[in-house]
Structure formats: structure tokens, C-alpha cells
Student: 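Here it is: the structure, laid out below.
When reading the values below, keep in mind they use all heavy atoms of this one structure, side chains included, and skip hydrogens, waters and symmetry mates. Sequence lines set the chain letters: A, B, ... in the order given, protein chains first and strands last, and positions in each chain run from 1.
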There are 2 protein chains.
Amino acid sequence: MKRDARPEAGRDARIVRITDVARAAGVSPSTVSKALNGSGSLRESTRERVRDAAERLGFVSDAGARALSMRRTFIVGLLSTDNVGRFSLPVMLGAENALTVGQISTLVATARKGSVQEQHHLRTLVARRVDGIIVTGKATDHREPISVPVPVVYALAPSTDPDDMSVVPDDAAGMRLVVDHLRTLGHRRVAHVGGRPEHRTSQVRLASLRAALDEAGMELVGEPLLGEWSEPWGRQAVDVLLRGGGAERPPMTAVVCASDQLARAVGDRLRERGVRVPHEVAVTGYDNWQVMWEASRPPLTTVDMELETLGRRAAERLLAAITADPENHSTDRGIELVPPRLVVRGSSMADD
Amino acid sequence: MKRDARPEAGRDARIVRITDVARAAGVSPSTVSKALNGSGSLRESTRERVRDAAERLGFVSDAGARALSMRRTFIVGLLSTDNVGRFSLPVMLGAENALTVGQISTLVATARKGSVQEQHHLRTLVARRVDGIIVTGKATDHREPISVPVPVVYALAPSTDPDDMSVVPDDAAGMRLVVDHLRTLGHRRVAHVGGRPEHRTSQVRLASLRAALDEAGMELVGEPLLGEWSEPWGRQAVDVLLRGGGAERPPMTAVVCASDQLARAVGDRLRERGVRVPHEVAVTGYDNWQVMWEASRPPLTTVDMELETLGRRAAERLLAAITADPENHSTDRGIELVPPRLVVRGSSMADD
């Protein structure tokens with residue numbers, strides 16, 4: 001496409017303020033701030049509108065602005081150990097969004113073959129003189145810290161070193177949202193279907209579910225069913241649950257699943273066994289994965305981990321660390337939890 | 001993780017030959033070559049073993065070796081316009097694999113918001129002095145060429161300029177593999193369910209299916225059903241197809257689908273309508289997407305586009321262009337088709 005190479009050079013010189021974004025999106029400045037930080041409870045359409053306006057206008061966050069004011073251009077490394085990409089990709093995109101507005105480029109390296117390949121990538125990134133590195137993993141299991149001479153932020157999978165900077169989804173809050181929703185609808189007996197029992201994600205979600213149910217005075221029916229992160233396991237789990245019921249009705253009125261893939265399979269199998277969703281049994285998922293929630297009958301109520309927001313926060317913290325006063329190393333350590341969002345659809349609440 | 005920073009520095013100095021990879025993988029050198037180029041018909045397990053051995057030993061392709069022999073380190077830009085990532089991610093990973101072995105780093109930029117953002121990214125990549133750019137898109141629709149002063153290879157979505165270098169999946173070959181498989185099993189009447197009619201992918205797959213059926217003396221039953229790339233549409237299409245049949249039996253013995261998502265939904269709906277898969281009607285997909293083929297009952301026979309091979313080829317061609325004799329610009333233009341692979345599972349052939 002032939003066009004003037006720098007159509008926006010003049011515009012770039014002017015600083016876009018939060019009030020400009022607010023005006024363009026038709027919202028208040030505090031809503032802009034909430035939308036871009038992923039905090040507060042906003043409608044997704046509002047959040048989207050603000051993000052679009054911010055991107056369109058080239059709005060630069062505080063950290064990005066500080067980077068620009070130093071008149072440096074940065075290169076940031078992004079090390080991923082995810083060979084699937086479904087989780088780390090939105091994190092990468094969020095990071096990229098946060099970084100690009102400040103004229104920062106991202107060198108990406110994917111280590112799928114274990115630590116030798118990872119060491120190789122890290123040496124390359126350091127040799128390329130990156131200003132910092134974001135490490136993103138495939139699960140929210142803790143991971144060993146990396147040893148490099150530049151600032152590092154761990155996204156999705158936190159570092160085992162509590163003094164490192166990590167940004168992770170708040171799964172406990174996610175399960176509280178689910179339980180609160182079900183409690184409001186009158187549910188008291190809830191079953192749980194989860195993925196691989198050795199995964200930290202499975203353990204955290206189950207423990208959070210137990211705590212939230214206790215607090216709400218609700219009951220976890222039978223043993224929680226942990227197995228695989230797959231649809232065949234989700235369907236099998238339903239057969240186990242229905243065997244536990246009386247002759248006439250299921251022993252639970254809701255099934256809380258640890259992923260959308262499981263929830264979709266649970267819904268499918270309940271329907272096949274003649275149990276009406278959500279009228280007899282409500283089903284909830286986790287991930288807000290469109291492929292799954294859309295194909296489910298009815299579409300899934302689920303938890304969105306806000307992974308793009310998570311990636312954006314990781315990038316902002318990295319930029320802050322890169323541009324920070326070198327005398328002041330103590331700030332901004334530890335784990336930051338990104339609040340999730342409940343998306344209510346037909347699998348928990350009938351339209352009629 | 002603390003360890004010697006350069007444990008393999010000594011080993012790097014020695015050139016790994018194709019015969020070394022062959023020995024490590026327990027295959028012939030020509031098998032290594034086939035496996036790494038994605039050509040020939042090898043078992044996937046063999047291909048995997050060869051790739052693992054090549055990666056473990058740090059085998060460097062011809063183009064990579066030429067780059068190394070010039071004692072340059074390269075930075076390559078990767079511009080993606082895919083906001084889903086399911087298709088462009090394996091392409092990126094394949095490119096990264098090909099590039100990393102030659103100590104080449106990848107700057108990634110994702111343009112999801114149209115051409116203004118894309119222009120911004122391209123200016124940044126050029127300002128970063130990348131040696132070349134791979135452009136990868138979300139569909140195999142043609143795209144406008146980009147205008148930059150470095151070599152460019154288009155992966156997945158070919159450039160509209162036939163003089164550009166593009167590497168794309170060979171969908172015509174994929175449909176021929178499907179039809180040939182069904183013909184061998186004795187099928188003669190085949191229906192087609194596809195995605196959005198305005199997508200080039202839909203048109204190419206349908207045209208290829210028609211041509212392959214003609215050649216095999218087989219019949220396309222009724223009108224091809226193009227709609228959406230979604231499961232709800234796949235299920236709806238089955239209801240349309242069964243309406244067309246007689247009172248007793250479906251009008252076709254096989255349904256060829258343009259994606260695994262559609263095939264999974266077609267299989268689900270056929271089962272719900274009491275049609276046994278594959279005994280009464282065989283179903284085939286396209287993509288070899290594990291989430292879908294694994295959840296299907298029975299698992300899907302499908303076409304694997306070999307997207308990682310495609311990414312690797314794009315990277316190799318880019319490296320070849322970067323390191324080429326500048327006097328000789330005429331080589332290696334035009335579209336390269338990457339051969340797909342048929343994966344046979346239970347949705348077309350019963351185990352019993």
C-alpha cells in the first residue's frame with residue numbers, strides 16, 4: 001500500500017491526555033482509568049470503547065510517557081513457554097499494546113523444549129541488549145525465576161521467588177463471583193468438575209470454591225471430580241455425578257467447572273442424559289473462551305480472567321522498573337492479582 | 001536458575017550435519033530432509049523425532065548456515081494481523097524455529113486495528129533496522145502488499161502481487177486427499193458444509209472439492225451449504241441436509257466439512273438425529289485442531305495444513321532473500337504451496 005510514510009508525525013508530537021480519551025469515548029476520566037487498568041466493574045462494551053479510543057488517539061500510559069520523556073527507545077523481550085498459545089497469546093497482545101504506544105518493540109522467544117532452549121533464548125535476548133523481559137508461561141503454576149541482568153516481570157505463571165514481580169489472574173475472586181451468582185439464584189447444592197489434580201490452577205480453584213461455598217452457607221456435593229482438561233473427562237464426570245443421585249433427580253442443582261471446555265462437555269452430557277440446563281442444573285465455566293461458550297447449548301456463563309489487561313499490567317510494571325530511579329529498588333515487588341469478570345449467559349439463567 | 005551462562009559454547013563451534021541428525025533420529029538423511037521440509041509422506045511420529053533431534057543438536061538449515069557464515073546476526077520482523085492466533089501462532093512458531101537456529105531474533109508486531117496501526121508497526125520495524133519482514137494474516141485471503149525497503153515474505157495470506165514471495169497452504173491438495181480417502185472407502189454421494197461464503201478459503205475448498213469429486217466420478221449432493229465458521233451453523237446445516245433426504249435415509253454417505261469446528265458440530269447433530277457416524281454417514285474436517293478432533297465422537301478425520309512447516313519455509317525463504325546475491329533478484333518469487341497431510345480417525349473409518 002503506497003501512502004505517505006509518516007501521516008501522523010505531526011500528531012505524535014502532541015501529548016494525548018486522559019481527558020481526550022474520555023471525551024472521545026463519551027465517558028468520565030475515572031472510567032477511562034478503570035477501563036485501561038481493568039479495575040472496577042464496567043460493562044465490556046464500555047471497556048472496549050475506551051480501549052479503542054485510547055488506541056486510536058495513541059494515548060500513552062504514565063510509564064510509557066516517562067519512557068518517552070527519557071527520549072529512549074526500548075526493546076523488551078517476551079519469553080513464552082506456552083506451546084498452545086491460548087493463554088499466553090492474549091497476555092502477549094496486552095503487553096504489546098501497552099508497549100507499542102510508547103514506541104517500544106518486543107522481541108519474542110518461545111521456549112517449548114525445556115530449560116536448555118530457554119537458556120539459549122535468554123542469552124540471545126541479553127545479547128540483543130533488551131531493556132527488560134516479560135516471562136509468560138502456559139499455566140498459573142509457579143515457575144523458577146530466571147537470572148538476567150535486566151528487570152523481569154512474570155505474567156500468568158508467578159515466580160517462586162516472592163521478591164520478584166509477578167502479575168497473575170485472581171482465581172479466588174473468580175470463584176467467589178461464580179458462587180455469589182449461584183447463591184443469588186437460589187442454588188444450595190453445587191458439584192465441581194476440574195482438570196488435572198496436580199495443576200496449581202485446579203488446586204487454587206477448588207480451594208477457592210470450597211471457601212466461597214462455606215462462606216455462603218452452600219454445600220459441595222460429593223467429592224470434587226478432578227481429571228483431565230478435556231471434553232471426554234467432562235462428559236465422564238457427569239455420568240459419575242448422576243450415578244450419585246437418587247433415581248429421580250440429580251444430587252446437585254449446579255455444576256461449577258474449572259474451564260469452559262469442561263463446562264461445555266458437562267452441559268452436552270447433561271442434555272444427553274435428559275437433564276435440562278439451566279432449569280434443572282445450572283453449569284458455569286472458566287476462561288470465557290468464545291469457541292466453547294458460543295458452541296454450548298445454552299451459551300456458557302463463565303469467568304473472564306482479563307488476560308489482555310494482565311499483559312498490559314505486566315508491561316506497565318516492566319516499563320516502570322526500567323525507567324525507575326536506580327536508587328529505589330524496593331518499590332513494586334511481589335504478586336499483583338488481576339481481578340476477573342463474571343459473564344452471565346444462558347447456562348446459569350434461562351431467558352424465559 | 002543459576003547455571004553456567006554458556007554451557008554449549010564449545011559445541012556451537014562445530015557444524016551439525018544432516019547425517020548427524022539422521023543418526024540421532026535413527027533415520028536416513030533423505031528422511032531428515034523430507035521431515036524438515038514437510039515434503040513426502042512420513043508418519044507424524046517420525047517427523048516429530050527428526051525435528052526434535054534437529055532442534056536438540058542445533059541443526060542449521062542451508063539458509064541459516066549462509067547467514068552464520070556471513071558472521072551477521074539478524075533481526076527479522078513478524079507482522080501479524082490475526083487477533084485469534086490459532087492460525088498465525090503455529091506459523092510464527094515455525095518461523096521462529098527456523099530463525100533461532102541461526103541466532104536470528106524476531107521482533108513481533110500485531111496489527112489488529114487495521115491499516116493505520118499496521119503502518120505504525122511497519123515504520124517501527126524499519127526504524128529498528130530489521131533485515132526482513134514476514135507478514136502473516138488470519139485467513140488465506142489475499143492481502144495488499146506492504147511497502148518497505150527490506151525483503152518481505154507473506155505467510156498464510158498471499159500477497160495480491162504475484163511477484164512477491166508468498167507461502168500458503170495447498171488447500172486444493174487437501175481436498176484431493178479427503179476425496180481420495182472417501183472414494184477408497186466406497187463413498188459416492190458427498191455433501192459439503194463450509195464457512196462464510198465470501199472468504200477465499202471457502203471458495204477454494206469448495207472449488208477443489210468439486211474438481212476432486214468430478215475426477216473421482218463422485219457426486220456432490222444438493223447445494224453446498226456455506227454459512228458461518230461456527231458450530232451452531234454446522235448443526236443447522238445437518239438439519240437442512242436431512243430434510244433433503246428420503247423418509248428413511250440421509251441423501252449422502254459422507255459430509256466433507258471446511259473446518260474441524262464445523263465437522264464436530266455436524267457429527268454432534270447427526271448423532272442427535274439418530275444417524276450413526278461413520279457407519280451411516282462419514283464426516284471429515286479441516287485443520288487438525290486438537291480441541292475439536294479430540295472432543296468429537298468419534299474423533300475427526302481431518303486435514304493438517306502443516307502450519308509450522310509453512311512458517312519454517314517462510315523464514316527460510318526470507319533468510320535466503322536477505323543473504324542472496326544482490327545482483328540476482330529474480331530467483332524465488334511467487335507462491336509456494338505447502339502440502340497438507342490427511343489424518344485418518346474414527347469419524348470416517350470405524351475401528352470395528
Student: Should the pair B/Arg297-A/Glu231 be classified as a salt bridge under the 4.0 Å nitrogen-to-oxygen rule?
Tutor: no

Student: Between chain A and each of B/Glu272, B/Glu294, B/Gln290, B/Met292, count heavy-atom pairs under 4.5 Å; write down the option with the most.
Tutor: B/Glu272

Student: Does any backbone or side-chain atom of A/Ala109 lie under 4.5 Å from a heavy atom of chain B? Answer side chain, backbone, both or neither.
Tutor: both

Student: Is chain A contacted by the side chain of B/Gln261, its backbone, both, or neither, given a heavy-atom distance below 4.5 Å?
Tutor: side chain

Student: Identify which part of B/Trp229 has an atom lying under 4.5 Å from any heavy atom of chain A, answering side chain, backbone, both or neither.
Tutor: neither

Student: When rounded to the nearest 0.5 angstrom, what is the spacing between CD1 in B/Ile75 and CD1 in A/Ile75?
Tutor: 5.5 Å

Student: Using non-hydrogen atoms only, which part of A/Trp289 is less than 4.5 Å away from chain B: side chain, backbone, both, or neither?
Tutor: side chain

Student: May I ask you to decide whether B/Asp268 forms a salt bridge with A/Arg235, counting only side-chain N to carboxylate O separations under 4.0 Å?
Tutor: no

Student: Under a 4.5 Å heavy-atom cut-off, does chain A meet the side chain of B/Val126, its backbone, both or neither?
Tutor: neither

